[in-house]
A.B. asks: 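My questions all concern the structure below.
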Protein chains: 2
Amino acid sequence: MTIVDSPALVAGGGCPIAPVVDIVFSRWTTPILWQLNAHGRQRFTDLRDLVEGITAKVLTQRLRQLERDGLVERTSHPEIPPRVEYEITELGRSLAPVFAALVTWSEDNLDRVADAREGYDTSGRPRP
Amino acid sequence: MTIVDSPALVAGGGCPIAPVVDIVFSRWTTPILWQLNAHGRQRFTDLRDLVEGITAKVLTQRLRQLERDGLVERTSHPEIPPRVEYEITELGRSLAPVFAALVTWSEDNLDRVADAREGYDTSGRPRP
DNA sequence: CGGGATCCTCTTTGATACTG
DNA sequence: CAGTATCAAAGAGGATCCCG
């Protein structure tokens with residue numbers, strides 16, 4: 001069994017991109033990758049400050065997951081006090097085209113979503 | 001206040017693509033859009049069967065959200081028994097390049113993620 | 001048939017305290 | 001500093017029943 005026919009994909013409703021979505025777009029992973037890509041190698045605390053709103057506990061969880069998936073590399077310096085640095089990997093950087101496509105779509109269509117929401121909230125709600 | 005400086009984005013850790021991620025990659029939305037795009041207009045029950053694993057309640061919630069965001073259009077036929085059809089909109093189809101980028105990335109890199117996971121689980125776990 | 005309402009479970013998250 | 005442990009809170013999701 002490979003990653004593409006894992007239970008996660010089957011649970012994804014028969015959608016070919018369900019695995020990537022699980023890997024790249026689970027909660028907090030996008031901001032973490034974005035900040036690591038924008039600011040380079042970061043210490044744990046500095047990264048926590050860059051990713052606004054995240055707690056240390058959750059940041060640790062997400063970094064472990066990203067490290068396991070090969071998108072982020074962890075470097076521990078055996079010093080006192082301890083120093084741990086995180087860096088985006090080449091595999092992580094290979095997501096750049098995906099992120100670029102999302103930026104483009106945002107610029108072109110985010111205001112259309114806002115319009116749709118306004119119309120829906122005003123008068124478009126489902127009628128039976 | 002526009003959609004791009006909404007609380008959701010601020011909570012997204014200062015990441016420019018956080019709004020799109022909220023809209024497009026919340027749970028189940030990708031499989032739903034994928035199936036609607038692949039199979040065209042669908043009745044509620046048929047769509048539920050296409051999206052494996054989803055319950056009627058959750059499908060309704062997600063469809064409401066997608067309709068509000070303008071990605072899906074709902075058509076209700078006042079008959080007995082009732083008939084409701086869902087269809088992807090032009091705005092929804094404009095996501096095609098994003099989805100295509102994800103397919104490409106999957107084909108090129110999903111096995112690398114699998115390798116990274118195996119290495120991590122075998123011997124790569126964080127050492128203090 | 002397409003849901004809405006209700007109840008209940010279970011995972012995720014937050015807050016706080018503690019340690020090598 | 002960079003976590004881990006623990007407990008409490010919250011929200012998502014499932015199961016079931018009912019209605020137009």
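In what follows, chains carry the letters A, B, and so on, assigned in the order in which the sequence lines appear, proteins first and then strands, with residues in each chain numbered from 1.
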A.B. asks: At what distance, to the nearest 0.5 angstrom, does CG of A/Asn37 lie from CD1 of A/Ile32?
C.D. replies: 13.5 Å

A.B. asks: Work out which heavy atom in A/Leu91 is nearest to a heavy atom in B/Val113; give both atom names and the distance.
C.D. replies: CD2-CG2, 4.1 Å

A.B. asks: Below the 4.0 Å mark, does D/dA2 have OP1 or OP2 next to a side-chain nitrogen or oxygen of A/Arg43?
C.D. replies: yes

A.B. asks: Which value, rounded to the nearest 0.5 Å, describes the distance between B/Tyr86 atom OH and B/Thr75 atom OG1?
C.D. replies: 9.5 Å

A.B. asks: Rounded off to whole Å, could you give me the CD-to-P distance for the A/Glu67 and D/dA2 pair?
C.D. replies: 15 Å

A.B. asks: When rounded to the nearest 0.5 angstrom, what is the spacing between CG in A/Leu47 and CD in A/Gln42?
C.D. replies: 6.5 Å

A.B. asks: For A/Thr55 and A/Pro81, find the nucleotide of DNA chain C closest to each by heavy atoms; which residue's nucleotide sits nearer the 5' end?
C.D. replies: A/Thr55

A.B. asks: Just to be sure I understand the rule, does B/Arg48 reach a base, reach only the sugar-phosphate, or reach nothing, if contact means heavy atoms closer than 4.0 Å?
C.D. replies: nothing

A.B. asks: Taking atom C1' of C/dC1 as reference, at what distance in whole Å does atom CG of B/Asp49 sit?
C.D. replies: 13 Å

A.B. asks: Of the options D/dC1, D/dG14, C/dA15, whose atoms approach the side-chain atoms of A/Pro82 most closely?
C.D. replies: D/dC1

A.B. asks: Between B/Gln61 and B/Arg64, does any side-chain donor sit less than 3.5 Å from a side-chain acceptor?
C.D. replies: no

A.B. asks: Provide, to the nearest angstrom, the distance between the CG atom belonging to A/Asp46 and the C1' atom belonging to D/dA2.
C.D. replies: 12 Å

A.B. asks: For A/Gln61 and C/dT11, what is the distance between atoms CD and P respectively, to the nearest whole Å?
C.D. replies: 14 Å

A.B. asks: Checking contacts here: which listed nucleotide (D/dG13, C/dT13, C/dG14) is nearest the side-chain heavy atoms of B/Arg62?
C.D. replies: D/dG13

A.B. asks: Can you measure A/Gln65 atom CD to D/dG3 atom C1' for me and round it to whole angstrom units?
C.D. replies: 18 Å

A.B. asks: If you measure from the Lys or Arg side-chain nitrogens to the Asp or Glu carboxylate oxygens, is any gap between B/Glu90 and A/Arg112 under 4.0 Å?
C.D. replies: yes

A.B. asks: Looking at A/Arg41 and A/Glu85, is any side-chain nitrogen of the basic one under 4.0 Å from a carboxylate oxygen of the acidic one?
C.D. replies: yes

A.B. asks: Hey, is the side chain of A/Arg27 poking within less than 4.0 Å of OP1 or OP2 on C/dT12, counting only N and O atoms?
C.D. replies: no

A.B. asks: Strictly distance-based, threshold 3.5 Å: is any side-chain N or O of B/Thr30 a donor or acceptor partner for the main-chain N or O of B/Phe25?
C.D. replies: no

A.B. asks: Taking N or O atoms only and anything under 3.5 Å, show me the protein contacts with nucleotides 3-5 of chain C, one pair per line.
C.D. replies:
unit_1 : atom_1 : unit_2  : atom_2 : d
C/dG3  : OP1    : B/Arg64 : NH2    : 3.3
C/dG3  : OP1    : B/Arg74 : NH2    : 2.9
C/dG3  : OP2    : B/Tyr86 : OH     : 2.6
C/dG4  : OP1    : B/Arg64 : NH2    : 3.1

A.B. asks: Under 3.5 Å, which N/O atoms of the protein pair with N/O atoms of nucleotides 9-11 of chain D?
C.D. replies:
none

A.B. asks: Within less than 4.0 Å of OP1 or OP2 of D/dA2, is there a side-chain N or O belonging to A/Arg83?
C.D. replies: no

A.B. asks: Do you see a donor-acceptor pair shorter than 3.5 Å between the side chains of B/Gln65 and B/Ser26?
C.D. replies: yes

